[in-house]
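A quick note: this is a predicted structure, and the numbers were derived from the prediction, not measured. Sequential numbering from 1 along the given sequence is applied to the chain's residues. Note that ligands are numbered from 1 as they come in the structure, with each ligand's atoms numbered from 1 the same way.
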Amino acid sequence: MTTSKLTQAIELDKPLFVLKLGGSMLKEVSDSFIQSVIELRKNHYVLFVHGGGPEINGMLEKLKIPSVFVNGQRKTTEPVLEIVEMVLGGKMNQLLSGKLKAHGIQTVGLSGHDIITASYLDHDSLGFVGKVEKVDDCLLRTLLKDGYVPVIAPLGKTKDGQTVNINADVCAAAVAEALKAERLLFVTDVPGILKNGELLEEATPSLIDDLIQEGTIYGGMIPKVTSAISALSDQLKEAMIVNGKGTIFHSGQFVGTKIKQQAFVSGSNQ
Ligand SMILES: Nc1ncnc2c1ncn2[C@@H]1O[C@H](COP(=O)(O)OP(=O)(O)OP(=O)(O)O)[C@@H](O)[C@H]1O
Ligand SMILES: [Mg+2]
């Protein structure tokens, strides 16, 4: 039996940035954002995971299919899943992939269905919502090394071949972990974590816990911050929440909320 190229370990020779683009951002990806991606690609690999919340909501409303959220996760009944698959795997994936391609970025649109094995997160309360069990990192490494930018729709399939809906933040964190990414950026429609209207430049897991408890962090921000925390590792020392509507880079730094294990202590070298 011959060994497939895909079964051999493929090392990435540049750091990888995983960018999660929120659904609200997909239609208004700015030229300056795309220029940042082009700049980033000079010294890094880049991979996208996208959401599609507003578009899914619009389609569900049009078809009068009821939909509810539990802790920021969409309860996915069978009719909801059908729409999620069409919107994420079809329309939104092609929209983002096409926009990047139009700027000369060589993208490959992928459904997570082909690369993510999942189990049910909580079938009773959330229906067809997936928990990532395994990411086919070999395929993604191969594409990255060959110069492609993978654009992934956050879907998965169970061992039995059932398609499941995966929250895009959770999906991005799992992909970042599987590929040992150096950075994970959640590009969304707010400047970062806000408290009383003010941007928090940094947040640690314990602060985030408190902010969730007191209700400052709610809804779609919950899976974002919890995924960011779960992705932190020796390799990925900080995750960031940035605003896709504003400037992402400023003076060589990302602008938004940094999520890291330890708070920066002024005057220390850490
Ligand atoms: N403390 C907070 N600071 C800022 N935004 C918050 C906070 N708590 C909750 N939010 C909400 O989180 C939202 C961002 O999450 P949301 O799920 O709506 O977008 P997304 O994840 O970027 O898109 P998608 O879900 O389509 O991938 C904000 O628009 C805001 O309403
Ligand atoms: Mg969201």
Side-chain angles (χ1 to χ4, degrees), residues 18-30 33 47-61 67-76 80 83-93 95-96 111-112 121 126 129-130 132 151-156 165-176 184-205 207-231 239-246 248 254-259:
V18 170
L19 273 65
K20 186 269 171 163
L21 217 58
S24 53
M25 288 292 97
L26 289 179
K27 285 195 168 156
E28 33 185 320
V29 174
S30 67
F33 174 79
L47 176 152
F48 284 91
V49 175
H50 63 83
E55 198 72 19
I56 294 169
N57 289 343
M59 192 57 82
L60 290 171
E61 267 170 39
S67 160
V68 291
F69 280 84
V70 181
N71 287 332
Q73 299 255 16
R74 186 188 299 276
K75 179 170 180 178
T76 309
V80 170
I83 301 304
V84 164
E85 275 189 84
M86 287 195 300
V87 173
L88 292 180
K91 193 172 171 188
M92 301 321 270
N93 191 265
L95 176 71
L96 177 57
S111 165
L121 184 58
L126 288 168
V129 171
V132 179
V151 175
I152 303 173
L155 297 162
N165 175 22
I166 300 173
N167 176 280
D169 300 326
V170 172
C171 182
V175 169
L184 172 59
L185 256 68
F186 296 95
V187 184
T188 187
D189 59 352
V190 285
I193 300 176
L194 302 171
K195 183 176 161 77
N196 303 325
E198 298 278 316
L199 173 69
L200 295 183
E201 289 185 8
E202 250 181 51
T204 57
L207 173 63
I208 285 172
D209 226 28
D210 293 345
L211 296 175
I212 293 175
Q213 293 303 324
E214 70 185 35
T216 300
I217 289 179
Y218 57 90
M221 190 54 73
I222 295 179
K224 214 177 294 302
V225 292
T226 51
S227 305
I229 292 170
S230 76
M240 282 210 75
I241 299 174
V242 300
N243 191 348
K245 289 178 186 163
I248 291 192
F254 287 103
V255 184
T257 304
K258 274 189 190 135
I259 297 176

Colleague: Tell me whether ligand 1 is touched by M25 - counting only heavy atoms on the residue side and a distance under 4.0 Å.
Modeller: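 M25 does not count as a contact of ligand 1 under the 4.0 Å cut-off.
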
Colleague: If we only count N/O pairs under 3.5 Å, is P54 in contact with ligand 1?
Modeller: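 Between P54 and ligand 1, no N or O pair is found under 3.5 Å apart.
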
Colleague: Is it true that a side-chain atom of N196 and a backbone atom of E198 form a donor plus acceptor pair closer than 3.5 Å?
Modeller: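 Not a single qualifying donor-acceptor pair exists.
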
Colleague: Considering heavy atoms of the protein only, find what lies nearest to atom 25 (O) of ligand 1 and give residue, atom and distance to 0.1 Å.
Modeller: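 Protein heavy atom with the smallest distance to atom 25 (O) of ligand 1: K20 NZ, 4.3 Å.
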
Colleague: Please indicate, with yes or no, if any protein heavy atom is found under 4.0 Å from atom 20 (P) of ligand 1?
Modeller: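 Yes.
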
Colleague: Geometry only, no angles: is G52 polar-contacting ligand 1 at N/O separations under 3.5 Å?
Modeller: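 Yes; the residue has a nitrogen or oxygen that sits under 3.5 Å from a nitrogen or oxygen of the ligand.
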
Colleague: Would you mind checking which non-hydrogen protein atom is closest to atom 18 (O) of ligand 1, with the distance to 0.1 Å?
Modeller: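 Result for atom 18 (O) of ligand 1: G220 CA, 4.6 Å.
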
Colleague: Answer yes or no: is there a donor N or O on one side and an acceptor on the other, between the side chain of N243 and the main chain of G256, under 3.5 Å?
Modeller: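 Such a contact is absent between N243 side chain and G256 backbone.
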
Colleague: At what distance is the nearest protein heavy atom to atom 3 (N) of ligand 1, and which residue and atom is it?
Modeller: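 Minimum-distance protein heavy atom for atom 3 (N) of ligand 1 reads L194 N, 2.9 Å.
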
Colleague: Scan side-chain atoms only and decide if T76 and N165 contain a donor-acceptor pair under the 3.5 Å cut-off.
Modeller: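 There is such a pair between these side chains.
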
Colleague: For the 3.5 Å polar cut-off, considering only N or O atoms, please tell me whether G23 and ligand 1 meet it.
Modeller: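 Yes: some nitrogen or oxygen of G23 is under 3.5 Å from one in ligand 1.
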
Colleague: Mark the output for P191 as yes if a heavy-atom distance to ligand 1 is under 4.0 Å, and as no if none is.
Modeller: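 It does not; every heavy atom stays at 4.0 Å or beyond.
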
